[in-house]
Amino acid sequence: MSYTRVMADRGSFALGKVIDPATGRQAAGLLSATVVAPSLSRADALATAVFAMGNGGPRWIAQRGGPLLAVTTGQQVLTTPPMDRLLIS
């Protein structure tokens with residue numbers, strides 16, 4: 001599992017970073033990950049897990065049938081079939 005490290009910048013706002021538990025460093029590979037789930041907490045947990053897995057995250061959630069829209073660091077937009085059905089063209 002992953003966790004989010006939050007840092008305050010002079011008390012004015014906070015920046016969150018998703019940490020890859022395998023390396024202890026900031027997760028890499030994705031710029032964003034959006035997941036649709038029955039509850040906000042489940043969607044947040046799944047999106048954080050996908051983000052922490054980096055390039056392997058979209059494949060992980062696709063194997064589980066989850067709706068995902070992700071943007072890679074190469075600016076490629078990835079979606080799973082369940083998300084495609086939810087998006088309006």
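Basis for what follows: all heavy atoms, side chains included, without hydrogens, waters or symmetry-related copies. Computed from a prediction, not measured in an experiment: that's the story for all the values here.
Looking at L69 and L87, their side chains come closer than 4.5 Å, going by heavy atoms from C-beta outward. The side-chain heavy atoms of V71 and L30, taken from C-beta on, include no pair separated by under 4.5 Å. P58 places a side-chain heavy atom less than 4.5 Å from the side chain of V50. A heavy-atom distance below 4.5 Å is not found between the side chains of F51 and V35. At least one side-chain heavy atom of L86 sits under 4.5 Å from a side-chain heavy atom of V36.
Cluster membership check: L31 does not share its hydrophobic cluster with L78, using side-chain heavy-atom separations under 4.5 Å among Ile, Leu, Val, Met, Phe, Trp and Tyr.
Surrounding CD of Q63 are more than 12 heavy atoms belonging to other residues, nucleotides or ligands, all under 6.0 Å away. The number of heavy-atom neighbours closer than 6.0 Å to CZ of R25, taken from other residues, nucleotides and ligands shown, is 12 or below.
Of the possible polar contacts, none joining the T79 side chain to the M83 backbone as a donor-acceptor pair under 3.5 Å is found. With hydrogens and angles ignored, the 3.5 Å screen pairs a side-chain donor or acceptor of T80 with a backbone N or O of G66.
With rounding to the nearest 0.5 Å, the separation of CE in M53 from CG in D20 is 10.0 Å. Distance check: L46 CG to T34 OG1 gives 12.0 Å after rounding to the nearest 0.5 Å.
The two residues A33 and A47 make their nearest non-hydrogen contact at O-CB, 3.6 Å.
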